[in-house]
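Below you'll find the structure, written out as structure tokens, and then a few comments.
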Amino acid sequence: MPPTPDKWLDYRHPDYTANHPRWTFAHAYYSGEVVDEGLVSTYLIQRAQGESDESYRERAKLADYTNHFATVVESLVGMMFHVEQKASRTFTDENGRGLGSPEDETSVMGRLWANADGNGLGYLTLFKDLAVMLMVRHAAWGMVDGPPEAPRLVVLPPESVVNWLPGPGGAVEALVREDVDTRLSLRDEPESTAQFLYLTTEGWSRWRRDKQGKAIPMGGPGAQGTWQYETRNGERTLPLFPIVLPLRRHVGYLLAKKAGAIFNAESTRDQLLRAASHPFLLIHGSAENYKAVAASIRKGARALHVPTDTPPYAFVSPDVSPATVTSEVLKRKVEEFYVTAWREYGDAARERTATEARQDVASGVGACLQMLKAALDDAENNFLWRLAQRAETECNDRRPLAGVARPDRRLESEMAEPGKRGGADAKAGHRLRRNGWKQPRGHGIGCPGYCGAESAEVADYVAHREGGADTPLRDDQDERAAQTEECTGEMVRSQALAR
């Protein structure tokens with residue numbers, strides 16, 4: 001049962017509270033949202049002294065953000081997947097039991113290879129999306145979703161999982177926020193409603209807030225269901241699991257901070273150049289003479305009268321030396337940014353032997369890629385472990401359905417040391433909003449037909465042990481429900497006889 005307080009949906013995990021500002025900050029600089037009209041005032045800092053509101057608004061409208069952060073992230077991820085074709089994955093055992101071949105479109109793996117998230121993104125494409133998310137946000141959540149005959153892999157941004165309860169086998173409870181489009185037609189006014197998916201080791205249920213802010217359960221198809229998942233140690237767990245870049249520092253946030261410093265320095269330099277490019281005309285003489293000259297200028301006059309008893313008119317402008325100094329400092333900051341993010345960049349002009357170059361890369365960008373590779377390895381194996389348990393509930397084959405893949409992706413010498421690489425990621429194909437996960441109508445986590453099963457590891461593949469229970473089905477699914485119930489009953493009876 002869920003927690004008893006009426007407003008438990010508002011509770012947040014301490015790690016979520018501590019890291020949410022960092023996730024938001026890093027994402028804004030990676031995506032370029034820092035120059036959006038509604039956000040630029042948050043990231044472009046106004047001088048506390050000497051800058052008027054009018055001058056700041058002008059500077060904000062002209063803000064020009066050079067996205068070095070995105071360049072670094074995408075370059076590193078591109079290097080990571082440059083050797084993707086060398087990856088070795090095993091989805092079946094020597095007897096042909098497992099998830100099937102990616103070339104077989106009728107198998108579980110064949111369907112996932114072409115459409116892993118249920119929205120058209122391929123299996124490998126989802127890895128790349130996850131790698132970018134880890135480099136920017138440092139963390140993500142993975143989940144196996146959908147019915148056994150058509151599972152899908154979901155990657156949630158860390159902002160979506162707002163609360164969780166850790167256990168011996170991973171999280172044993174979790175709360176996922178979903179922003180749902182409630183329209184039934186394009187003729188309806190767009191409206192997004194926040195709802196929550198409450199996950200336990202026994203199953204799931206959907207909740208929302210009423211007008212008084214109290215937590216109330218939702219009804220109807222897809223509002224609740226059961227499942228059963230185990231860890232490799234036989235402990236009950238969720239189909240949801242965390243994915244974390246194994247570095248003690250928040251790489252994306254620190255790079256975003258440096259990108260923010262460069263962004264503000266560039267804006268200051270541009271403002272200095274803009275001021276220097278608009279000189280003032282110095283007019284000598286009486287006030288009457290000034291008014292007469294100003295009126296002539298407004299009318300477009302190309303010649304001005306200078307009284308004989310006054311000095312010649314002249315233009316005056318701010319000194320450009322501050323802009324020159326700022327440009328030099330900016331140049332150095334950009335170099336340091338790339339040196340920090342990509343160590344060999346700063347020594348690119350130095351002559352090195354091939355061995356020295358490999359050593360420099362291995363201790364710089366290669367070390368980071370090794371950590372990213374390790375996170376993707378763990379993610380893919382966690383996906384496949386849970387995917388195996390979900391796939392085993394299919395009725396047409398009582399044999400073990402999933403051999404846990406053992407990918408071996410070796411990074412080339414110019415990138416990192418050889419190592420194993422095996423993981424899978426997915427993204428639900430839904431756009432992330434700043435306050436959570438955007439979920440199109442009818443494609444939520446825990447849709448009708450959602451079920452699972454227990455399993456235990458036997459020689460690198462998963463053996464079926466018990467059947468799961470289907471969620472409530474619609475009236476037009478009665479026939480499928482009866483087949484599932486009959487199959488599940490036979491599985492349980494078979495296991496009872498075996499015992």
Donor-acceptor check, side chain of [X] to backbone of [Y], threshold 3.5 angstrom: yes or no?
X: R12; Y: L9; value: yes
X: W23; Y: A139; value: no
X: N67; Y: A70; value: yes
X: H138; Y: H250; value: no
X: D210; Y: Q212; value: yes
X: R249; Y: V251; value: no
X: H20; Y: V162; value: no

Taking atom [atom1] of [X] and atom [atom2] of [Y], what is their separation to the nearest 0.5 Å?
X: N382; Y: T231; atom1: CG; atom2: OG1; value: 10.0 Å
X: M133; Y: L130; atom1: CE; atom2: CG; value: 7.0 Å
X: M79; Y: C368; atom1: CE; atom2: SG; value: 10.0 Å
X: E178; Y: S192; atom1: CD; atom2: OG; value: 11.0 Å
X: H13; Y: L165; atom1: NE2; atom2: CG; value: 8.0 Å
X: I262; Y: K257; atom1: CD1; atom2: NZ; value: 13.0 Å

Is there side-chain contact between [X] and [Y], with heavy atoms separated by less than 4.5 Å?
X: K128; Y: M80; answer: no
X: T193; Y: D179; answer: no
X: V325; Y: E328; answer: no
X: T24; Y: P21; answer: no
X: H27; Y: E33; answer: yes
X: L372; Y: L76; answer: no
X: V172; Y: T200; answer: no
X: V34; Y: L39; answer: no

Can you name the closest pair of heavy atoms from [X] and [Y] and give their distance?
X: L245; Y: L134; value: CD2-O, 3.9 Å
X: E51; Y: R47; value: OE1-N, 2.9 Å
X: A174; Y: L238; value: CB-CD1, 3.9 Å
X: V35; Y: A63; value: CG1-O, 4.3 Å
X: L199; Y: W204; value: CD2-CB, 3.7 Å
X: F81; Y: L376; value: CZ-CD1, 3.9 Å

Please name the residue in the list W141, Y198, Y11 that meets the ring pair (Phe, Tyr, Trp, His ring centres under 6.0 Å) test with W164. W141
Aromatic ring proximity, centroids under 6.0 angstrom, [Y] and [X]:
X: Y65; Y: Y43; answer: no
X: W207; Y: F196; answer: no
X: W385; Y: F241; answer: no

State whether D145 and R152 are salt-bridged, where the test is any N-O pair (Lys NZ or Arg NE/NH1/NH2 against Asp/Glu carboxylate O) under 4.0 Å. yes
Got more than 12 heavy atoms from elsewhere within 6.0 Å of CD, E54? yes
When you look at E159 and R137, which way does the side chain to side chain contact (heavy atoms under 4.5 Å, CB included) test go after all the steps? CA-CA 10 Å; E159 299 94 319; R137 292 181 171 90; 3.0 Å; yes
Hydrogens and angles aside, do [X] and [Y] bring a side-chain donor and acceptor to less than 3.5 Å of each other?
X: D53; Y: Q46; answer: yes
X: R111; Y: N115; answer: no
X: Y30; Y: E74; answer: yes

N/O donor to acceptor pairs below 3.5 angstrom from side-chain atoms of residues 267-274, sequence neighbours left out:
{"from": "S267", "atom 1": "OG", "to": "R59", "atom 2": "NH1", "distance (Å)": "3.0"}
{"from": "T268", "atom 1": "OG1", "to": "N264", "atom 2": "O", "distance (Å)": "3.0"}
{"from": "R269", "atom 1": "NH1", "to": "S327", "atom 2": "OG", "distance (Å)": "3.4"}
{"from": "Q271", "atom 1": "NE2", "to": "S55", "atom 2": "OG", "distance (Å)": "3.2"}
{"from": "R274", "atom 1": "NE", "to": "E58", "atom 2": "OE1", "distance (Å)": "3.4"}

On the six-membered ring of Y253, is R22 placed so that its NZ or CZ lies under 6.0 angstrom from the centre and within 45° of the ring axis? yes
What do the steps show when you test V154 against L156 for side chain to side chain contact (heavy atoms under 4.5 Å, CB included), and what is the final call? CA-CA 6 Å; V154 178; L156 299 173; 3.8 Å; yes
Would L175 and R177 count as a side chain to side chain contact (heavy atoms under 4.5 Å, CB included) if you check the C-alpha gap in whole Å, the side-chain angles of each, and the deciding distance to 0.1 Å? CA-CA 7 Å; L175 187 66; R177 172 174 172 144; over 6 Å; no
Can you say whether the rings of W227 and Y229 are parallel (under 30°), tilted (30 to 60°) or perpendicular (over 60°)?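 Perpendicular: the ring planes of W227 and Y229 meet at over 60°.
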My understanding is that only residues two or more places apart in sequence, or in another chain, count here; which of them pass side-chain contact (heavy atoms from CB on, under 4.5 Å) with V293?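 For V293 the side-chain contact (heavy atoms from CB on, under 4.5 Å) partners, ignoring immediate neighbours, are I283, N289, I297, L304, Y313.
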List the steps and the verdict of side chain to side chain contact (heavy atoms under 4.5 Å, CB included) for M109 and L112. CA-CA 5 Å; M109 204 63 235; L112 288 174; 4.1 Å; yes
